[in-house]
Number of protein chains: 2
Amino acid sequence: MAEKTTYHHGDLRQALIDGAIALITEQDVNSLSLREVARRVGVSHAAPYRHFADKESLLAAVAEEGFIGLTAAMQRGIAQATDHPLAQLEATGVAYVQFAIAHPAHYRVMFGGLPGEPIADPERGQAGWQAFQVLLQRIEAGQAAGVVRSGEAMPLAWVAWSTVHGLAMLLIDKRLPLSHPQEIEDLAKFVTHTLVEGLARSA
Amino acid sequence: MAEKTTYHHGDLRQALIDGAIALITEQDVNSLSLREVARRVGVSHAAPYRHFADKESLLAAVAEEGFIGLTAAMQRGIAQATDHPLAQLEATGVAYVQFAIAHPAHYRVMFGGLPGEPIADPERGQAGWQAFQVLLQRIEAGQAAGVVRSGEAMPLAWVAWSTVHGLAMLLIDKRLPLSHPQEIEDLAKFVTHTLVEGLARSA
DNA sequence: ACCTGAACACCGTTCAAGT
DNA sequence: ACCTGAACACCGTTCAAGT
């Protein structure tokens, strides 16, 4: 065993993913070319096809890693919040938006691309579903504690996801006239707070 | 005067915009090529450069028309709702989402593309600002009637916009496990309703 | 097994040249 | 003024051929 380097990169597949992420953080997503990734990694432009069926498959792998990072970011946010379910829900939303604006190109690959597979669906999109689960579980915890309105949790999670996703996209695309990081963080908190008031059990 | 056809299309600029819209509704946005639009319209691949600086400029014109259509759709939705400010706010949100899912490719051009200019900003993006204004005015009307929480209207409008934009994008990208139009419409109503409860003046 | 180099059918953009 | 045709520098993808 211990089969060292099967070729000069040890793991070309991972090198291509890392190279793609590095390139999209430098430039933007649309101008990313498979040939440029290959060049960067030091391999011929045809080599990636040993590991990915096409450009879209490579981007799907990049998206997968992004969702793993998003999940971790939300969990860190939750860990730093107080125990109150509504506080944890807010922390989840704020962490979501902050992850997106910290990694705009990566976030665009996760969503902006292809039609995409359903995420709020356990069957497909493993990493995406994991991320969505974090949000869903905070809703369910809020319901169990009696501070989030009752009823099916799933549609409530879709409301929450729509709001944070929409804010993230508007901020990333520079659609809102905000620039200072502090303004952006304040808005993320305000939006998430207003959302949570809509989800909260009235009275 | 009455200078008939300055060239064979009378108005190549508009023909290119219409051609681009026709193509994106048939196929998807990313695979749209300027050369194909030119072919479709019956002119050489270099001719578009007489009217648009580059591909991005043509897409910006397409987006502009989209925002005009979105504004009209929201206004129709408001006209059909009752006079109650919260009902009008909900109607605006539902009309927004329905426009997006009825014209997914067009909506993607309006947002998905380029970094984009600020929309919630009167100086730039005329048509986009007009659309945003419809939403903002419903918020202000709700405040005037005392049924929407007081404070600056703009951040409240950003909350609302984030929610409907996020839902629209998730639906267009098929991120939610819904397919039947009725399910989608029900969700649009539910999401908008929950949003409005967050914006409403508590008690 | 894994990678390369040439090839194919496309792009966006520019520019001299035509009417 | 408005449009064309050739040209340039790129793409994504395929495939025979090399080791």
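First the proteins, then the strands, lettered A, B, ... as listed; each starts at 1. What you see below is based on every heavy atom in this structure, not just the backbone, and it leaves out hydrogens, waters and symmetry mates.
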Mind checking who D:dT13 pairs with, Watson-Crick or G-U wobble, both distances under 3.5 Å?
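By the stated definition (distances under 3.5 Å), C:dA7 pairs with D:dT13.
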
ask   = Whom does C:dC2 pair with, Watson-Crick or G-U wobble, provided both distances fall under 3.5 Å?
value =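 For C:dC2, the partner nucleotide comes out as D:dG18, under the 3.5 Å rule.
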
With a 4.0 Å cut-off on N to O distance, would you call B:R138 and B:E90 a salt bridge?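 No, no charged N to carboxylate O under 4.0 Å.
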
Review point. With the threshold set at 4.0 Å, does a side-chain nitrogen-carboxylate oxygen contact exist between B:E185 and B:K189?
Key: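 Yes, B:E185 and B:K189 are salt-bridged.
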
* To do: May I ask you to test the B:L70-B:M110 pair for a side-chain heavy-atom distance under 4.5 Å?
  =>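 The answer is yes, as the side chains (C-beta and beyond) meet within the 4.5 Å cut-off.
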
Would you kindly give the [atom1]-to-[atom2] distance between [X] and [N], to the nearest whole Å?
X     : N      : atom1 : atom2 : value
A:R39 : C:dC3  : CZ    : P     : 18 Å
B:L59 : C:dC11 : CG    : P     : 15 Å
B:D11 : D:dC3  : CG    : P     : 10 Å
A:F52 : C:dC3  : CZ    : C1'   : 16 Å

A:Q14-A:E65 side chain donor-acceptor pair, cut-off 3.5 Å: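 Short answer, yes.
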
*asked:* Under a 3.5 Å threshold, yes or no: a donor from one side chain and an acceptor from the other, between A:T163 and B:S162?
replied: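 Distance-only check fails for A:T163 and B:S162.
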
Say you draw a straight line from CG of B:L195 to CD of A:E197; how long is it, rounded to the nearest 0.5 Å?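 One finds 12.5 Å between CG of B:L195 and CD of A:E197.
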
Going 5' to 3' through nucleotides 12-19 of chain C and flagging B where a protein heavy-atom sits under 4.0 Å of the base, S where only the sugar-phosphate is that close, and - otherwise, we get BBBB----

